[in-house]
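The structure under discussion appears below in the form of structure tokens.
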Amino acid sequence: MVRGDASDIGVVDGMISAIEADLEGTAREEVDARGLLVLPGAIDAHVHINAPGRTAWEGFGPGSRALAAGGVTCFADMPLNAHPPTIDGAAFDAKVDAASGVSLVDFALWGGLVPGNLHRLEELAERGVVGLKAFMSPSGIDDFPFADPETLVAGMERAAALGLPVAVHAEDPGMTTALGAEAVARGHVSMADWAASRPVEAELRAIRLVLDIAADTGCRIHIVHISSGAGVRLVRDARTRGVDVTCEVTAHHLLLGEEDAEALGLLAKCAPPLRNATERAALWTALRAGEIDLVASDHSPSPEALKQGNAFTAWGGISGCQTTLPLLLTHSPELVPRVMGPASASLLGLPGKGQITVGADGDLT
């Protein structure tokens, strides 16, 4: 719910109990928000925290502090940066142990879909994963291999039976691997060379494939960090054909471009890479039209030492969970109640999140 008036919000035992002008009664704590925006606590559906196993990169303590500082009250952690990755029940339990009593905000967990773990997907579903994440190209993490088409078909069939969405990193592995190897062999290892090795067509090929599989299996599919107007059009057209598909965009793909990649260097390395102004404009148009469902950070920090070397050897990730909501409020505040609230809650199956209404969780920003 979005209100344009000045109302009081009552919260009892973590739940919104009343929304009224001049709410009467007493409270243990009162926050004076006159003159400020009161929003549903933002939900970040795509975060990489790295714990357990790589806590030195960033654990649930500092990661959740950054999220809270950026107005996020709930996040969903991706399965691959932890060691072991969240691809079976034991790894899920280990991650819950690492986060419980440490995270300052609510959290949910994605499970992983990788070659060889189909018999483990039910373990993950029983424990409450919000969905399964698959890479269609190498992930950069050795113990989280990418899902070949056969794995995707079998995994998406199983996910559909379990009622779980599958989130995919959509880049064609053959194209990106071949172009990358050619660039490195020629000594072309700049940020521009990295971007050229992962063209829009690599994204489109992967999106076409996974949409076809989704149509055949009936699996609910979510395209993460979409980076091109043509990619969004593929998603839009698939919806008209009855495919159950959603997509997200990141703040860095909306607001940073090729020129920023050159200026920032390896700090701006990500996959898909930062695109040109035409693609950014297309993404904004699609977001405002509701063709892109939500905004997520794809927060992926690393030690400074891993952001050294060249564009093909450095870690590929941008640390952004603390800035996503402030950037949206700066550039397009009218979108915020939709793109970091209800749509994310719907994707993750969290009905009490992302809204200011009586009976919802009392998560406010």
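Source: prediction; values computed, not measured.
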Can [Y] be reached from [X] by stepping across I, L, V, M, F, W or Y side chains whose heavy atoms are under 4.5 Å apart?
| X | Y | answer |
| --- | --- | --- |
| M191 | F312 | no |
| F146 | V210 | no |
| V235 | L283 | yes |
| V153 | L113 | yes |
| V243 | M136 | yes |

(request) Any chance you could lay out the salt bridge (charged side-chain N to carboxylate O under 4.0 Å, His left out) test for E291 and R233, step after step, and finish with the verdict? (result) CA-CA 8 Å; E291 294 173 350; R233 290 191 292 276; over 6 Å; no
I'd like to know if [X] and [Y] make a salt bridge, using a cut-off of under 4.0 Å between side-chain N and carboxylate O.
| X | Y | result |
| --- | --- | --- |
| R239 | D293 | yes |
| E258 | R280 | no |
| K307 | E304 | no |
| E262 | K269 | no |
| R205 | E171 | no |
| K353 | D106 | yes |

(message) S227 and side-chain hydrogen bond (donor to acceptor under 3.5 Å, both in side chains): which single residue from H252, R198, E203 fits?
(response) E203
(request) Go through the steps for E334 and S332 under the test side chain to side chain donor-acceptor pair (under 3.5 Å), then give the verdict. (result) CA-CA 6 Å; E334 75 283 357; S332 202; 2.6 Å; yes
Contact summary for [X] and [Y], nearest pair of heavy atoms:
| X | Y | result |
| --- | --- | --- |
| L39 | I356 | C-CD1, 3.6 Å |
| L132 | A159 | CD1-CB, 3.9 Å |
| L152 | A134 | CD2-CB, 4.0 Å |
| L211 | L234 | CD1-O, 3.6 Å |
| P301 | N50 | CG-ND2, 3.5 Å |
| K133 | V224 | CE-CG2, 4.3 Å |

Separation of [Y] [atom2] from [X] [atom1] (nearest 0.5 Å):
| X | Y | atom1 | atom2 | result |
| --- | --- | --- | --- | --- |
| F107 | K95 | CZ | NZ | 10.0 Å |
| H48 | I318 | NE2 | CD1 | 11.5 Å |
| L67 | L325 | CG | CG | 11.0 Å |

Side chain [X], main chain [Y], donor-acceptor under 3.5 Å:
| X | Y | value |
| --- | --- | --- |
| W194 | N310 | no |
| N81 | I49 | no |
| D8 | L23 | yes |
| H299 | C321 | yes |
| T55 | A51 | no |
| S139 | F135 | no |
| D361 | D363 | no |
| E279 | G229 | yes |
| S100 | D97 | no |
| S64 | L104 | yes |

Report yes if some heavy atom in the side chain of [X] is under 4.5 Å from a heavy atom in the side chain of [Y]; otherwise report no.
| X | Y | result |
| --- | --- | --- |
| L287 | V295 | yes |
| P199 | L179 | yes |
| L209 | P149 | yes |
| I141 | R54 | yes |
| P272 | R275 | yes |

(message) Is it the case that over 12 heavy atoms from other parts of the model lie below 6.0 angstrom from the CG atom of D32?
(response) yes
(request) Decide if the gap between the ring center of H225 and the ring center of H46 is smaller than 6.0 angstrom. (result)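 Ring centroids of H225 and H46 are less than 6.0 Å from each other.
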(request) Could you check whether the rings of W110 and H222 sit parallel, tilted or perpendicular, using 30° and 60° as the cut-offs? (result) parallel
(message) Side chains of T250 and D298: any donor to acceptor distance under 3.5 Å?
(response)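 D298 vs T250: no donor-acceptor pair found between side chains.
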